[in-house]
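Labels below follow one simple rule: chain letters A, B, ... track the order of the sequence lines, proteins then strands, and each chain is numbered from 1. What's counted below: heavy atoms across the whole structure, side chains too, no hydrogens, waters or symmetry copies.
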2 protein chains.
Amino acid sequence: MTLRDVAEEAGTSRSTASRALAGHGYVAGGIKTRVEEAAARLGYVPDVSARTLKGRSSGLVGLLVSDLRNQFYALLAAGVEQALADAGHQMVLVDDHGRDEQALAGARAFLAMRAAGVLLAPVGRSATGLLVEHGTPVVEVDRRSGVRGCDAVTIDSERGARDAVAHLLGLGHRRIAVVLDETMWDTGRDRLKGYRAAHREAGAPLPRKLVLDLGLRPGDPQADVASFLDANPDVTAVFAANNVVAEAVWQELQRRGSAVPADCSVVSFDDLTWMRIVEPGLTAVRQPVYEMGRRAAALLLERISGERTRAESLTLQPALQRRGSTAAPGVRA
Amino acid sequence: MTLRDVAEEAGTSRSTASRALAGHGYVAGGIKTRVEEAAARLGYVPDVSARTLKGRSSGLVGLLVSDLRNQFYALLAAGVEQALADAGHQMVLVDDHGRDEQALAGARAFLAMRAAGVLLAPVGRSATGLLVEHGTPVVEVDRRSGVRGCDAVTIDSERGARDAVAHLLGLGHRRIAVVLDETMWDTGRDRLKGYRAAHREAGAPLPRKLVLDLGLRPGDPQADVASFLDANPDVTAVFAANNVVAEAVWQELQRRGSAVPADCSVVSFDDLTWMRIVEPGLTAVRQPVYEMGRRAAALLLERISGERTRAESLTLQPALQRRGSTAAPGVRA
DNA sequence: CTGTTAGCGCTTTCAG
DNA sequence: CTGAAAGCGCTAACAG
């Protein structure tokens with residue numbers, strides 16, 4: 001079932017059929033409908049490979065994430081898909097499971113399929129580099145690798161963290177722990193910066209040794225949280241730097257029967273479904289994740305279409321969502 | 001950067017370079033390494049479109065889901081991606097947002113890119129039909145459209161529902177409501193069947209009018225649950241047929257201050273993260289969703305490779321996960 | 001306005 | 001074992 005068949009069915013040449021279906025170029029009205037009817041009758045579906053080979057874009061856009069099972073990335077992917085589909089593009093989704101080799105393999109696949117552009121949410125630096133080098137339009141999402149020439153959409157991590165910690169300080173907490181799982185990317189680093197900045201701005205002394213870094217592949221994060229809390233019984237509040245560590249913290253507090261917020265207040269960076277369902281609701285820094293996906297895709301589409309050539313960075317603002325998990329030290333919700 | 005450049009760099013012909021890189025066909029050892037080095041030096045990435053055009057498969061596999069923001073589908077997609085990536089395929093993910101037109105557009109896109117196969121999780125019947133008609137290998141996941149010739153992986157909905165409701169009946173409940181959002185697919189229908197079968201098997205009379213169908217695009221599901229509960233104050237337990245309605249039910253019980261399980265027991269079909277985090281844990285029918293994605297992809301790969309030509313159906317078994325939300329009527333956890 | 005021609009990058013006979 | 005040649009399906013000049 002090729003264009004040739006359609007042309008024969010309509011009694012015309014392949015080029016005319018091509019023009020009739022593509023819409024550009026001159027075609028007589030009568031012929032045009034005849035070709036369209038023939039195509040419909042035969043159930044003709046144009047071959048993207050042939051079109052791509054001829055120099056036009058594949059219409060495919062790659063999205064690389066580091067863990068699709070994490071609701072954060074799922075939402076991001078949903079936003080990206082939405083914006084791409086509206087523009088008639090397809091999304092090729094690759095999950096690197098946090099491994100740089102897989103990220104590279106994904107990037108190579110994107111190159112091989114001549115992807116119109118790529119969105120990168122994992123950012124091992126190597127994938128970004130490879131793609132940019134080959135001239136593929138790239139937008140980094142959530143994290144930045146520092147490679148020049150690519151667009152980026154991020155969320156103001158420092159600001160979100162500062163707001164969260166300032167909220168706790170405002171309630172009177174002075175022994176606030178921060179729990180994170182990486183400081184190698186700007187997300188983790190900036191959230192730590194925000195934690196410090198909030199203390200500075202409040203004129204509160206920066207507690208020593210209240211930073212717990214679980215690492216990206218923790219054996220048993222909840223156990224680590226447990227021993228940390230055992231070692232620091234004077235902690236009255238915890239700032240969890242993302243949804244994964246927030247879960248570990250929450251579960252551990254539950255396990256040991258700590259009353260939240262009476263014994264310990266909790267704030268999470270990243271606001272997922274369960275945080276508003278649990279009792280008392282978990283105070284969280286809401287990130288516009290779906291929106292971030294949409295905006296990133298939009299930025300990429302501008303690049304692809306050539307409307308814009310200069311790299312652009314967008315920073316979205318998070319918002320603190322106050323719920324029952326935060327109160328003054330010792331106070332019940 | 002084409003094969004021609006690599007061939008020139010290696011001082012050989014295109015055909016030889018092709019054979020050297022592809023691995024099949026006769027190539028002298030020395031030449032082979034020379035070509036490989038040249039390719040590496042130039043950063044050559046083969047063009048999938050050209051390869052596809054030449055008759056080989058695109059290596060792309062489509063996945064159509066109805067709502068990626070729903071964690072169920074995100075997990076499914078993650079499982080699919082994992083299995084596909086292991087086999088060297090890429091996943092093109094389309095979200096139809098429950099609209100049949102979008103599903104069709106997605107299916108057409110899959111055809112246009114000559115997808116090696118497609119996994120269908122939304123199953124408006126039309127997409128399945130179109131793909132099967134064109135000879136694309138199709139695996140239906142979670143729901144079946146009834147179209148012949150495609151493989152399927154589903155979860156035993158009736159059995160899961162029966163177990164859940166039998167559990168409630170065993171605890172002594174006799175006024176058990178079932179809340180669902182569709183009965184047009186086998187998922188909804190079978191869960192309703194299971195609800196009835198459990199009553200039958202327990203010799204319990206089937207309550208009249210305790211079936212609440214919220215519909216797929218409910219205005220305000222929680223409000224509907226509220227008026228239903230108002231109208232049926234004698235209900236002592238609720239069986240929620242999926243994670244979406246479970247959330248509405250849970251939130252409404254919380255809003256009205258009903259004690260779970262003392263005032264009302266709850267079971268959900270589909271076990272998400274939040275259900276084990278809330279207090280008391282939500283008893284749920286655990287579906288192996290990620291596994292279902294992997295198995296479905298595996299089935300598809302068998303079809304694609306031609307190892308198997310007969311359609312095959314797989315049914316996975318769910319398992320009831322008992323938590324605090326279910327107890328005998330009137331009993332506190 | 002329409003048809004002929006060439007060629008995108010690759011693979012694959014088929015001679016050499 | 002290697003190279004020349006043809007062609008996958010489509011589009012874009014360029015003649016007619």
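For A:Ser18 and D:dT11, the shortest distance from a side-chain N or O to OP1 or OP2 is below 4.0 Å.
Rounded to whole Å, atom P of D:dG9 lies 10 Å from atom OH of A:Tyr44. A:Met113 has its CE atom 18 Å from the P atom of C:dG9, to the nearest Å. Taking atom CG of residue B:Asp47 and atom P of nucleotide D:dG9, one finds them 16 Å apart after rounding to whole Å. Nucleotide C:dG9 holds its P atom 10 Å from the CE atom of B:Met1, rounded to whole Å. Protein atom CG of B:Leu53 is 4 Å distant from nucleotide atom C1' of D:dC8, rounded to whole Å. Rounded to an integer number of Å, the gap from CD1 of B:Ile31 to P of D:dG3 is 6 Å. Atom CZ in B:Arg51 sits roughly 20 Å away from atom C1' in D:dC10 (whole-Å rounding). Between B:Arg14 atom CZ and C:dG9 atom C1' the separation is 9 Å, expressed in whole Å.
In this structure, B:Arg114 and B:Ala28 both approach DNA chain D, and ranking their closest nucleotides by distance from the 5' end singles out B:Ala28. Of the two residues contacting DNA chain C, namely B:Thr16 and A:Thr16, the nearest-nucleotide position lying further toward the 5' end is that of A:Thr16.
For the residue pair B:Ser13 and B:Thr16, a side-chain donor N or O sits within less than 3.5 Å of a side-chain acceptor on the partner. Looking only at atom types and distance, the side chain of A:Ser313 has a donor-acceptor partner in the side chain of A:Arg144 under 3.5 Å away. Residues B:Asp100 and B:Ser126 have side chains that bring a donor and an acceptor to within less than 3.5 angstrom of each other.
Checked by distance alone, B:Lys54 brings a side-chain donor or acceptor within 3.5 Å of a matching partner on the base of D:dG7.
In this structure, the nucleotide among C:dT2, C:dC10, D:dG3 sitting nearest to the side chain of B:Ser13 is D:dG3. Closest to the side chain of B:Val27, from the set D:dT2, C:dG9, D:dA13, is D:dT2. Checking D:dA13, D:dA12, C:dC10 against the side-chain heavy atoms of A:Arg19 singles out D:dA13 as nearest. Between C:dT12, C:dG3, C:dT2, one nucleotide has an atom nearer to the side chain of B:Ser15 than all others, and that is C:dT12.
Checking side-chain atoms of B:Arg69 against main-chain N and O of A:Leu75 turns up no donor-acceptor pair under 3.5 Å. Judged by distance alone, with hydrogens and angles left aside, the side-chain atoms of B:Ser18 form no donor-acceptor pair with the main-chain N or O of B:Arg14 at under 3.5 Å.
At a threshold of 4.0 angstrom between heavy atoms, the contacts of A:Thr2 are confined to the sugar-phosphate backbone, with no base atom among them. Nucleic acid contact for B:Thr12: sugar-phosphate only, since backbone atoms but no base atoms lie under 4.0 Å from a heavy atom of the residue.
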